[in-house]
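Here the structure is laid out as structure tokens; the discussion comes afterwards.
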Number of protein chains: 2
Amino acid sequence: MAKRRPVANLLALAVLTVVVQRPMHPYEMASVLRARGKDQDMPIKWGSLYTVVRNLEKHGLLEAVESTRQGARPERTVYRVTDAGRVEAEDWTRELLSTPRPEPSAFEAGLSVMAGLGPDEVAPLLRQRLELLERRIEAGREDLARERQEMPRLFLVESEYALAMREAEATWVRSLLAELDGGTFPGQDAWRAYRETGRLPADVADLAERGSTSE
Amino acid sequence: MAKRRPVANLLALAVLTVVVQRPMHPYEMASVLRARGKDQDMPIKWGSLYTVVRNLEKHGLLEAVESTRQGARPERTVYRVTDAGRVEAEDWTRELLSTPRPEPSAFEAGLSVMAGLGPDEVAPLLRQRLELLERRIEAGREDLARERQEMPRLFLVESEYALAMREAEATWVRSLLAELDGGTFPGQDAWRAYRETGRLPADVADLAERGSTSE
DNA sequence: TCGCTTATATTTGTCTGCGAGTATACGTCG
DNA sequence: CGACGTATACTCGCAGACAAATATAAGCGA
């Protein structure tokens with residue numbers, strides 16, 4: 001398969017797509033991004049911005065156009081996208097849309113080590129998550145409703161997607177919580193006993209040993 | 001809120017939770033993790049492993065127990081978790097479970113720059129994504145069914161979650177695709193026209209300018 | 001007009017993630 | 001039994017991410 005993107009940071013894609021419209025200096029790119037609300041999902045890291053722009057230039061995807069100086073202000077370098085940059089942006093977009101790749105989420109990591117806490121502790125934690133999630137969903141819905149008034153749908157799909165994913169997560173958490181609260185989660189008692197006594201059922205203990213180096 | 005985790009990499013949490021069960025040397029931690037299938041979601045980066053372990057030690061969450069050498073093999077340092085390490089692992093787990101945080105996905109990034117391609121190009125790309133997604137869901141379902149035979153549910157929740165999320169994504173993509181295919185996506189014609197002629201409707205052009213520095 | 005905050009614009013320095021390399025032991029197949 | 005692959009076990013070194021520092025200009029209230 002093709003070699004990795006010359007500049008892997010997703011901020012680079014955002015930069016490319018704004019600079020396609022008109023040459024800009026880095027700070028302006030950030031402003032435009034911010035004005036479009038892209039910083040909601042992707043807060044702008046100033047350190048990264050300049051690194052990314054420099055790397056894009058190094059790889060020939062951007063080129064410096066001029067370097068103006070107004071008064072004693074720091075020099076501003078204005079960049080323009082190159083043909084290669086335009087190609088890269090489109091190709092990258094295609095890949096992002098067409099190819100799902102497993103993205104490990106922090107919550108997944110949490111679930112995978114959840115056994116270390118007891119079921120009676122996990123339930124309230126999930127309840128809290130659910131509450132926060134619901135609040136966020138509500139806020140997302142309102143934002144979306146507001147933005148729909150002044151922005152074509154085309155520029156809102158990513159928010160719609162994010163909202164849908166949060167809703168799906170909430171649904172999933174609710175169902176797990178129902179099992180926990182109803183005591184219908186299989187092995188819940190063994191789990192609680194493990195947490196309280198520190199002892200695992202024999203068959204599970206075997207599993208936990210798998211992969212250890214034989215001595 | 002509390003200061004950032006002393007070792008932020010999620011691999012550190014995985015390391016802590018395996019080493020809680022029994023002291024180990026780094027390579028063994030990786031083996032155990034691999035045997036438990038944690039490397040599916042989180043492929044093990046060897047460079048990171050040793051860095052992470054060293055950092056955990058530096059912050060007093062792990063401590064070296066012994067340093068044995070067998071024959072001419074490289075020295076193996078065995079680490080044990082400290083009390084602070086145990087506390088950190090539990091606290092971190094609690095946070096991951098209880099607190100949702102916005103995690104920008106690559107697909108979301110793709111959607112947010114989708115406008116740069118035309119609708120007639122986007123649809124096939126999404127169709128491809130959907131197909132891959134469906135294949136993966138099928139595979140995930142089978143894996144899960146197999147693992148349920150030999151592993152208690154408790155250690156499979158994270159896979160169930162991942163599967164549910166992929167299903168939700170598939171559903172969402174399907175519905176967007178239906179709009180695109182049916183021609184019912186609002187503004188679809190303007191979008192196509194933009195792609196073909198390079199000209200935006202006046203009101204949208206205004207929006208695209210927002211955030212630019214006034215000259 | 002003095003001093004305050006906020007916006008403009010970039011550089012620096014650190015820390016860490018991780019790809020790639022190194023070196024030995026073990027198994028096995030012809 | 002020797003050659004070749006694979007598992008064991010770590011080390012090195014740099015590119016890249018980002019926090020924080022830096023420096024000036026502009027708006028604004030008192």
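A note on names: the letters A, B, ... follow the listed sequences, proteins ahead of strands, and every chain is numbered from 1. Just so we're clear, the structure is a prediction, and the values are computed from it rather than from any experiment.
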Return the set of residues passing salt bridge (Lys or Arg N to Asp or Glu O under 4.0 Å) with A:Arg136 (not counting sequence neighbours), or none when no residue passes. none
Considering residues at least two apart in sequence or located in another chain, which fulfil the salt bridge (Lys or Arg N to Asp or Glu O under 4.0 Å) criterion with B:Asp143? B:Arg146
Protein-proximity profile, nucleotides 16-21 of chain D, B/S/- by nucleotide at the 4.0 Å heavy-atom cutoff, equals SSBB--
With [X] via side chain to side chain donor-acceptor pair (under 3.5 Å) - residues at least two apart:
X: A:Arg54; result: none
X: A:Arg80; result: A:Glu63
X: A:Glu147; result: none

I need the [atom1]-[atom2] distance between [X] and [N], as an integer number of Å.
X: B:Leu11; N: C:dC18; atom1: CG; atom2: C1'; answer: 11 Å
X: A:Arg54; N: C:dT12; atom1: CZ; atom2: C1'; answer: 10 Å
X: A:Arg34; N: C:dT6; atom1: CZ; atom2: P; answer: 14 Å
X: B:Tyr50; N: C:dT16; atom1: OH; atom2: P; answer: 19 Å
X: B:Asp39; N: C:dC18; atom1: CG; atom2: P; answer: 15 Å
X: A:Leu33; N: C:dT8; atom1: CG; atom2: C1'; answer: 17 Å
X: A:Glu28; N: C:dT10; atom1: CD; atom2: P; answer: 10 Å
X: A:His25; N: C:dT10; atom1: NE2; atom2: C1'; answer: 11 Å

Ring-plane angle category for B:Tyr161 and A:Trp172, please: parallel below 30°, perpendicular beyond 60°, tilted otherwise. perpendicular
Are any protein N/O atoms closer than 3.5 Å to N/O atoms in nucleotides 5-7 of chain D? If there are, list each pair with its distance.
none

State whether B:Tyr27 and B:Arg76 meet the cation-pi test: NZ (Lys) or CZ (Arg) under 6.0 Å from the six-membered ring centroid, and within 45° of the perpendicular axis. no
Please name all residues satisfying ring-ring contact (aromatic ring centres under 6.0 Å, His included) with A:Trp92, sequence neighbours left out, ordered by chain then number. none
If you look only at pairs with a residue in residues 94-117 of chain B, which of them pass as a salt bridge (Lys or Arg N to Asp or Glu O under 4.0 Å), with sequence neighbours excluded? A:Glu121-B:Arg94, B:Arg5-B:Glu95, B:Glu90-B:Arg94, B:Glu95-B:Arg101
